[in-house]
Amino acid sequence: MYTNYIKETKGRKIFNIVNKILLAFICLIIIIPIWNVLITSVAIDKDVIGSDYLLIPRSFTLKNYAKVLQSCYMQAFKNYLFVAIIGTALSMFISLPLGYALSRKDLVLRGFWMKILTFTLVFDVGIMPFYIVVKKLHLMNSLAAIIIPVAVSTFNVIIIKNYMSSIPESLIESARIDGCNDLVILIRIILPLSISIIAAVILFYFVSYWNRYFEVIMFINDSRKYTLQVVLRGLMFESDESLGGGNYVYNNTKMAVMVLGMLPVLVIYPFVQKHFVSGLMVGGIKE
């Protein structure tokens, strides 16, 4: 009865209407640019000449994608994919054991290590120390410079730690009684129970590596090792004749490059979305 009263109040009705209008407006802001990219990427040249924004399909062709697949931009795409996959694998390889160790209450100096980890979340060392460290490690002009220095995210480690802290201690104690060491416990007990948070963190890491731009322009000098973000910026803002043997590059070809850049994330997300919310809810609120 009380619930029905809340639903029928005038203020709540106004709130619901305003909320729906606002959410619809936000959805349009997000969807319209993506729709424009998709429609433009399959349009022929004459349909995009003199038109910066194309929302209604006028033609359909896959020649723009074929042009990109046969161009030098595929090397940047391969570099992009290599950094995202290898970087995500390395980050998960480090973050999962680290999160598990910090979730154990019997860890020596656990509070101290948590304070050190949290300190890195709040304070950044700055550009110059970052550059000097990468140079001293002889990582300059290599794809490792985009992966190794940013292999661990403090935020991701903390939510992994929080999630693993929610796993009943009795399971771990039972495994110890059976003679299992920490590595066996992590692999055979903790990881199977942590699929939700693992899926969420994999998506976080993958998108983070996929969007790397600043590190590439700072550490990579060889254009053959550029990732798609850097090459795409050059295509959009600097050079209009860098694709297709010196011919002018229209917006349809540029948008095709954009679609290929979005594709891997769009492919991965459906496989992790069912675990995404549940993993973050538990990993974000547990102490």
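Treat the numbers as computed from the prediction; the structure is a model and nothing was measured.
Around atom CD1 of Ile127, no more than 12 heavy atoms belonging to other residues, nucleotides or ligands sit under 6.0 Å away.
Hydrophobic clustering keeps Met140 apart from Ile132 (ILVMFWY residues linked when any side-chain heavy atoms are closer than 4.5 Å, directly or through intermediates). Two different hydrophobic clusters hold Leu183 and Met164 under the rule that ILVMFWY side chains link at heavy-atom gaps under 4.5 Å. Under the 4.5 Å side-chain heavy-atom criterion for grouping Ile, Leu, Val, Met, Phe, Trp and Tyr, Met128 is not connected to Val216 through any hydrophobic cluster. Under the 4.5 Å side-chain heavy-atom criterion for Ile, Leu, Val, Met, Phe, Trp and Tyr, Leu102 and Val108 are members of the same hydrophobic cluster. In the hydrophobic cluster analysis, where Ile, Leu, Val, Met, Phe, Trp and Tyr join through side-chain heavy atoms closer than 4.5 angstrom, Val122 is grouped apart from Met114.
With contacts defined as side-chain heavy-atom distances shorter than 4.5 Å, the pair Leu260/Tyr65 qualifies. In this structure the side chain of Ile202 reaches within 4.5 angstrom of the side chain of Thr88, judged on heavy atoms. Considering only heavy atoms from C-beta on, Asp182 stays 4.5 Å or farther from Leu186 through its side chain. Using a 4.5 Å heavy-atom cutoff, the side chains of Asn64 and Val42 are not in contact. Put simply, the side chain of Met258 does not reach to within 4.5 Å of the side chain of Ser41, judged on heavy atoms. Annotation: side chain of Phe130 is in contact with side chain of Phe219 (closest heavy-atom distance under 4.5 Å). Between Tyr80 and Tyr226, every side-chain heavy-atom pair lies at or beyond the 4.5 Å cut-off. Side-chain contact between Ile158 and Leu117 is present, with heavy atoms from C-beta onward closer than 4.5 Å.
One distance of note links CD1 of Ile146 with NZ of Lys225; it measures 9.5 Å at 0.5 Å rounding. Within the model, atoms CD1 of Ile190 and CG of Leu193 stand 6.5 Å from one another, a figure rounded to the nearest 0.5 Å. Taking CH2 of Trp210 as the reference point, atom OG1 of Thr227 lies at 9.0 Å (rounded to 0.5 Å). Once rounded to the nearest 0.5 Å, the distance linking CD of Gln229 with CZ of Arg212 reads 11.0 Å. Taking CD1 of Ile21 as the start and CG of Asn16 as the end, the distance is 11.0 Å to the nearest 0.5 Å. A distance of 4.0 Å separates OG in Ser196 from OH in Tyr163, rounded to the nearest 0.5 Å.
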Using side chain to side chain contact (heavy atoms under 4.5 Å, CB included), reason through Leu98 and Lys161 one step at a time and then give a plain yes or no.
CA-CA 8 Å; Leu98 182 57; Lys161 172 258 178 188; over 6 Å; no
Phe77 and Val257: CA distance, side-chain angles, deciding distance, side chain to side chain contact (heavy atoms under 4.5 Å, CB included) verdict
CA-CA 9 Å; Phe77 185 81; Val257 177; over 6 Å; no
Assess the residue pair Val201 and Ile160 against the criterion (side chain to side chain contact (heavy atoms under 4.5 Å, CB included)); give the C-alpha distance rounded to whole Å, side-chain angles, the decisive distance to 0.1 Å, and a yes or no. CA-CA 8 Å; Val201 173; Ile160 290 174; 3.8 Å; yes
Side chain to side chain contact (heavy atoms under 4.5 Å, CB included) between Met255 and Asn36, worked out = CA-CA 9 Å; Met255 298 304 179; Asn36 171 64; 4.1 Å; yes
Could you walk me through whether Ser91 and Tyr209 pass the side-chain hydrogen bond (donor to acceptor under 3.5 Å, both in side chains) test, one step at a time?
CA-CA 10 Å; Ser91 296; Tyr209 282 110; 2.7 Å; yes
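Across Tyr100 and Ile185, no two heavy atoms sit closer than the pair OH-CG2, 3.6 Å. Between Leu62 and Phe60, the closest heavy-atom pair is CD2-CZ, 3.9 Å. For the residue pair Pro149 and Val134, the shortest heavy atom distance occurs at CG-CG2, 3.8 Å. Annotation for Ile220 and Leu143: closest pair CD1-N, 4.3 Å, computed over non-hydrogen atoms. Minimum heavy-atom separation, Ser165 to Ser103: OG-CB, 3.4 Å. Shown here for Leu228 and Gly261, the closest heavy-atom pair between the two residues is CD2-CA, 3.6 Å.
No salt bridge links Asp106 with Arg104; every basic N to acidic carboxylate O contact stays at or beyond 4.0 Å. Salt-bridge annotation for Arg176 and Glu169: absent, with no side-chain N of the basic residue lying under 4.0 Å from a carboxylate O of the acidic one.
Side chain of Asn19 to main chain of Phe15: no donor-acceptor pair is present (N/O by atom type, distance under 3.5 Å, no hydrogens or angles). A donor-acceptor pair is defined here as one N or O able to donate and one able to accept, closer than 3.5 Å; such a pair exists between the side chain of Ser59 and the backbone of Ile44. A donor-acceptor contact shorter than 3.5 Å links the side chain of Ser142 to the backbone of Leu139. At least one donor-acceptor pair closer than 3.5 Å links the side chain of Asp222 to the backbone N or O of Arg224. A distance-only check finds a donor-acceptor pair linking the side chain of Asn252 to the backbone of Ala43 [under 3.5 Å]. A donor-acceptor pair under 3.5 Å links the side-chain atoms of Ser174 to the main chain of Ser170, judged by distance alone. The closest donor-acceptor contact from the side chain of Trp35 to the backbone of Ile30 lies at 3.5 Å or more, if one exists at all.
Looking only at atom types and distance, the side chain of Tyr205 has a donor-acceptor partner in the side chain of Ser95 under 3.5 Å away.
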